[in-house]
Visitor: 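Encoded as structure tokens, here's the structure I'll be asking about.
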Amino acid sequence: MSPPAARSHPDIVPRLVVGSSGSRPLTLAEERALGTYAPVPVSSVIGELERAGLRGRGGAGFPAHVKWRAVAAAAGPRVVVANGEEGEPASFKDRWLLTHRPHAVLDGLLVAADAVNAWRAIVYLSHPSTVRAVRAAIAELPPAVAARVETHVVPHRYVAGEESAVCRSINGGPALPVAKPPRPFESGVDERPTLVSNVETLAHAAWIARYGATAYRAYGTGESPGTGLATFAGACARPGVYEVPYGPTLRELLAECAGEVPEDAPGLLMGGWFGGVATTAVLDVAWCYDALRAAGSCLGCAAVTVLASHERIAEVAARLARWYAAESAQQCGVCRKGTAAIADALDRVRDAVADQADYDNLDRWGTALRGRGACAFLDGAANLARTTVDTATLKEQLT
Amino acid sequence: MKAFLDSTKCSGYGACADTCPSVFEIDEFGFGALIGDGTVPAGDESSARQAEQACPEHAIALRD
């Protein structure tokens with residue numbers, strides 16, 4: 001598949017989808033003209049990230065400066081990893097970034113390495129197009145700079161991008177999650193304090209280091225500042241990767257970018273597949289981490305799939321649940337059994353033979369199974385279970 | 001004190017729930033689960049340590 005193109009919301013001056021990068025990779029000369037790789041005041045970077053309120057773009061939305069500061073404060077050699085293993089099936093934004101602006105990611109990785117005083121800087125990848133693009137970009141750099149950056153390539157699977165799986169793989173093991181604690185910021189690559197950061201997070205961090213927190217906050221909300229890359233797909237006129245501000249409703253963003261949502265759309269998939277299903281009521285929720293969470297959905301990796309009028313939510317949910325059961329790493333007994341039980345129950349919902357016990361079980365698993373696995377994979381299946389039975393409106397659509 | 005359960009190791013022997021039922025339970029799928037966030041109630045530290053020792057899979061860790 002060819003790398004996806006990207007565009008930006010018409011009301012913003014984009015930070016990542018700049019120049020011609022939407023449709024073709026920027027050259028090193030073009031990147032340098034934008035300021036990429038220009039020196040930044042290293043000692044103030046973490047404070048600037050805190051003032052900017054940058055949140056991690058891998059899906060969790062965790063405040064970036066907390067992880068950076070924890071690694072920077074640790075004793076001994078440290079490691080930074082740019083995590084480009086985009087595991088969410090519905091998300092393409094990291095692949096766009098890595099194939100069109102690899103230098104923006106490498107710039108962020110080097111800024112992070114300097115800010116936490118790391119002795120190793122690693123780009124962690126799986127998709128072949130991203131591997132080619134990043135290695136070509138590293139080859140363009142002056143030898144002394146290129147020598148600072150390693151690449152590590154793993155076979156693609158959902159859990160391979162989980163931060164403990166990242167460290168385990170780089171350490172020579174399988175790309176599978178391990179139980180926490182310790183978390184990578186305590187002990188990760190080489191058993192050293194390790195900053196594992198999503199590639200988009202790093203690109204924004206470099207932008208903030210260069211232009212400052214105040215400029216970063218020109219868009220967005222207080223708790224979800226700035227802009228972010230989003231993948232809009234499914235039943236919309238212009239699917240693709242978009243740089244969008246946080247704050248407007250999802251309905252407004254889709255109308256301005258991917259196209260208005262058809263009135264007969266039965267619902268949406270939110271946060272990649274991690275956030276489960278949602279009715280079209282979610283369209284009127286603000287596009288920010290906290291509002292979507294409060295509405296029972298999630299922003300996650302910022303991938304939204306609009307379901308087409310001919311799709312039934314029950315069929316989609318059953319299909320995704322079966323994918324979760326098959327994609328489970330089978331490491332945790334509760335994940336193996338839990339994803340299978342959710343898939344079986346959603347099969348019965350799809351076939352209109354579910355009884356009240358099935359709905360009660362799905363509702364309970366939606367809460368009780370969260371946080372039970374070594375990684376958040378089971379949480380995704382639990383979210384699917386919960387959101388499928390969550391609203392009366394949805395129940396009407398199921399039958 | 002707080003308990004952590006490595007779900008990649010748990011095979012559902014149930015020794016934890018037998019030994020320290022204020023911290024551990026067995027879920028409907030037959031695997032060990034923490035009650036709440038794993039915080040050990042005051043006075044149950046000794047039984048939590050016994051549960052840690054009793055687990056055949058060494059799936060339990062305790063942190064003060």
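Reckoned from all heavy atoms, side chains included, excluding hydrogens, waters and symmetry mates. So you know, we letter chains A, B, ... as the sequences are listed, proteins then strands, and number each from 1.
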Visitor: Is there a side-chain contact between A/Arg336 and B/Phe31 in this structure, where contact means two heavy atoms from C-beta onward sitting under 4.5 Å apart?
Guide: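 A side-chain contact exists here, since the closest heavy-atom pair is under 4.5 Å.
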
Visitor: Can you list the residues of residues 179-193 of chain A that sit under 4.5 Å from chain B, counting heavy atoms only?
Guide: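 Those residues of residues 179-193 of chain A which have a heavy atom under 4.5 Å from chain B are A/Ala179, A/Lys180, A/Pro181, A/Pro182, A/Glu186.
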
Visitor: Counting only non-hydrogen atoms closer than 4.5 Å, does A/Ala368 touch chain B with its backbone (N, CA, C, O), its side chain (CB onward), both, or neither?
Guide: neither

Visitor: With a 4.0 Å cut-off, would you call B/Asp27 and A/Lys337 a salt bridge?
Guide: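 No.
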
Visitor: Measure distances from A/Leu369 to the heavy atoms of chain B and classify the residue's part below 4.5 Å as side chain, backbone, both or neither.
Guide: side chain

Visitor: Which residues pass the side-chain hydrogen bond (donor to acceptor under 3.5 Å, both in side chains) test with A/Trp365, not counting sequence neighbours?
Guide: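 side-chain hydrogen bond (donor to acceptor under 3.5 Å, both in side chains) list for A/Trp365, sorted by chain: B/Glu28.
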
Visitor: May I ask you to check whether over 12 heavy atoms, not counting those of B/Phe29, lie within 6.0 Å of atom CZ?
Guide: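 Enclosed.
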
Visitor: If contact means a heavy atom pair closer than 4.5 Å, which residues of residues 322-333 of chain A contact chain B?
Guide: A/Gln331, A/Cys332, A/Gly333

Visitor: Residues two or more places apart in sequence or in another chain: which of them pass salt bridge (Lys or Arg N to Asp or Glu O under 4.0 Å) with A/Glu50?
Guide: A/Arg69

